[in-house]
Enquirer: 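My questions will all concern the structure given below.
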Amino acid sequence: MIAFWVLALALIASGVFTITASKPVYSVVGLLGNFVVLAILYLTLQAEFLAVIQIVVYSGAILVLFLFVIALLSSGVKPFDEGTNRLPRVLIPALVLGGIALVTIVFSAVRSPSPAQPSITAGSPGALGQTGEAGVFGSVANFGQTLFTTNLLPFEVTALLLMVAVIGVVLLAGDDVPSRLQVRERGTEREPIVKSGEPLTR
Amino acid sequence: MQAAADLINAVPFWLIVLVKSGIVLLVVITTFAYSMLFERKIMAWMQLRPGPNRVGPWGLMQPAADAVKMMFKEDLTPNTADPLIYKLAPFISLITAMGVFAVIPFAEPTGTGFFGAIGDVNAGILFVFALTSIGIYGISLAGWSSGSKFPLLGSVRATAQMISYELSMTLSVIGVLILAGTTSLMGIVHAQDRVWFVIPQILGFIIYVITAVAETNRAPFDLVEAETELVGGFHTEYSGLRFGLFFIAEYLNMITVSCLATLLFLGGWNALFGLTFIPGLIWFLAKAGAFLFFYIWLRTTLPRFRYDRLMDFGWKVLFPAATLNLVLTAVVVAFWPTNG
């Protein structure tokens with residue numbers, strides 16, 4: 001329980017740091033901390049596969065791309081420009097929506113029957129090493145089982161959605177004119193980019 | 001033996017973990033120091049030079065001398081640097097590099113479970129990948145926060161390279177996971193009691209070796225710190241102990257991927273030719289050491305890749321090959337007679 005409160009506070013603190021940080025890269029570091037703390041929180045809930053995937057996917061892939069773009073594009077070490085403060089305008093809608101979400105969560109938590117207690121209490125020593133035999137909630141085997149049986153349809157639909165997104169990116173970014181680099185690589189046998197007989201415009 | 005088991009059972013769990021961590025930390029840091037010397041010696045012999053031979057007999061005290069030198073150098077922070085991130089980055093690199101050793105099993109656990117790994121995490125291999133994927137941030141943030149162009153170029157290269165090769169590396173390992181049917185590193189070694197996975201997974205092993213070299217930014221994939229073009233790459237501005245932390249992290253990562261190669265493909269602590277009278281720990285260290293030697297051998301033999309070729313190779317050769325390996329393994333396992 002102590003572990004939960006410490007982690008929860010750290011989670012909120014890192015989240016607040018992420019949105020109030022003065023430089024974009026600080027925000028990335030804050031978000032990284034947020035992800036790591038969230039993963040540890042999952043670990044205390046015995047969901048070790050979820051914890052690891054949280055790190056691998058969000059920190060290892062998505063956030064690295066954020067950092068990559070920020071490092072390439074941002075104005076070096078300079079902080080954000082001071083913009084107009086939009087907080088007062090969004091304060092009331094944000095509070096209302098957040099309140100509704102909180103009430104919904106609390107309500108459903110109270111209504112639902114309490115889940116079976118895991119064999120090892122969260123946060124006890126040894127929880128890390130002893131979880132996750134097949135059939136235990138949160139183990140890799142169990143996670144995979146659920147993913148490919150009961151939740152197969154949502155899983156495949158998500159995959160399809162991502163595929164559509166990838167195709168969209170390729171369509172938006174792709175141009176079929178060979179780049180200068182490719183021409184240079186051919187070395188001496190340099191070919192004309194547009195072959196004779198082809199129309200110039202595509 | 002029973003008395004010893006009772007004694008170990010009486011000690012609280014956290015104390016055992018603390019002691020184990022201390023031992024592993026000590027061993028790993030010493031291994032780092034001597035793998036550095038090992039590398040310099042091997043490289044020297046391959047290039048017909050004597051190598052470091054002034055400090056102690058055969059230069060054996062060289063690591064100590066280097067460590068002292070590193071500690072007493074001035075710790076510089078450039079004016080243009082972002083001080084907070086600049087100071088944070090080396091620690092991210094080192095902590096993630098060291099954290100991995102918490103789950104690596106070095107030998108068959110004894111009856112009390114005292115030897116073996118610090119923690120036998122069930123998702124062990126995934127844990128390793130998670131930590132190494134955070135390790136990218138150390139390099140990436142170091143380059144950005146230095147506030148000058150060479151480190152930034154180095155770190156941008158590092159990020160692109162490590163993301164690209166991490167994908168193929170993970171895919172090449174999934175073949176092993178399918179064969180072993182577990183993600184626990186202990187379980188994977190036990191699944192290789194009869195035959196090492198390097199034989200059924202030869203394609204996966206080749207891909208793993210190549211991507212492992214690329215992931216640790218070693219020659220011929222050391223574009224990240226290419227001395228001839230980028231001064232020192234992402235750590236150009238670092239000096240003294242902070243540079244030392246990056247240095248330690250790089251070598252620890254090398255040791256990590258060597259240990260992983262041993263565990264995943266080379267049978268872990270399983271003996272070769274039935275020579276079981278040699279303890280498993282020795283077998284493990286010998287295999288990991290051979291892999292380290294291979295690393296150094298590569299460095300002295302191969303020239304550096306050009307950057308666009310590196311990317312092409314990663315995405316157009318390794319990635320399809322890794323996918324093919326995964327599909328083949330899955331199909332064979334699914335239709336294997338004994339699996340029905």
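Being a predicted model, the structure only gives us computed values, none of them experimental. For the numbers below, each heavy atom of this structure counts, side chains included, while hydrogens, waters and symmetry mates do not. Labels below follow one simple rule: chain letters A, B, ... track the order of the sequence lines, proteins then strands, and each chain is numbered from 1.
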Enquirer: Which atom pairs, one a donor and one an acceptor, fall under 3.5 Å between side chains of residues 147-161 of chain A and the rest of the protein, sequence neighbours left out?
Expert:
{"unit_1": "A:Thr149", "atom_1": "OG1", "unit_2": "A:Gln145", "atom_2": "O", "d": "2.5"}
{"unit_1": "A:Thr150", "atom_1": "OG1", "unit_2": "A:Thr146", "atom_2": "O", "d": "3.3"}
{"unit_1": "A:Thr158", "atom_1": "OG1", "unit_2": "A:Pro154", "atom_2": "O", "d": "2.5"}

Enquirer: Would you say A:Tyr58 has more than 12 foreign heavy atoms packed within less than 6.0 Å of its OH?
Expert: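 Not more than 12 within 6.0 Å, no.
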
Enquirer: How would you list, by chain and number, every residue that makes a side chain to side chain contact (heavy atoms under 4.5 Å, CB included) with B:Val331, sequence neighbours excluded?
Expert: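 Partners of B:Val331 under the side chain to side chain contact (heavy atoms under 4.5 Å, CB included) test: B:Val327, B:Phe335.
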
Enquirer: Using a heavy-atom distance cut-off of less than 4.5 Å, which residues of residues 160-170 of chain B contact chain A?
Expert: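 The residues closer than 4.5 Å to chain A, in numerical order, are B:Ala160, B:Ile163, B:Glu166.
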
Enquirer: For chain B, which residues from residues 29-42 of chain A have at least one heavy atom closer than 4.5 Å to it?
Expert: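 The list, in residue order, reads A:Val29, A:Leu32, A:Val36.
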
Enquirer: Out of curiosity, B:Ile85 CD1 to A:Tyr26 OH, how far, rounded to the nearest 0.5 Å?
Expert: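 It comes to 5.5 Å.
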
Enquirer: Between B:Leu126 and chain A, with a heavy-atom cut-off of 4.5 Å, which part of the residue counts as in contact: side chain, backbone, both or neither?
Expert: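 B:Leu126 touches chain A through backbone and side-chain heavy atoms alike.
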
Enquirer: What are the two closest heavy atoms between B:Ser140 and A:Leu67, and how far apart are they?
Expert: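 Shortest heavy-atom separation between B:Ser140 and A:Leu67 comes out as OG-CD2, 3.3 Å.
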
Enquirer: Count the heavy atoms of every other residue, nucleotide or ligand shown that sit under 6.0 Å from CZ of B:Phe313, and state whether that count exceeds 12.
Expert: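 Yes - once you tally the heavy atoms of other residues, nucleotides and ligands closer than 6.0 Å, there are more than 12.
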
Enquirer: Determine the minimum heavy-atom distance between A:Val56 and B:Phe129, stating which atoms define it.
Expert: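 Answer, listing the atom of A:Val56 first, then B:Phe129: CG2-C, 4.3 Å.
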
Enquirer: I'd like to know whether CG of A:Leu95 has more than 12 heavy-atom contacts from other residues, nucleotides or ligands below 6.0 angstrom.
Expert: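 Enclosed.
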
Enquirer: Let's test your reading of the structure: which of A:Val28, A:Val64, A:Val57, A:Ile53 forms the most heavy-atom pairs below 4.5 Å with chain B?
Expert: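 The option with the most such pairs is A:Val64.
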
Enquirer: For the atom pair CD1 (B:Ile134) and CG (A:Leu63), what is the distance rounded to the nearest 0.5 Å?
Expert: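 Between atom CD1 of B:Ile134 and atom CG of A:Leu63 there are 10.0 Å.
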
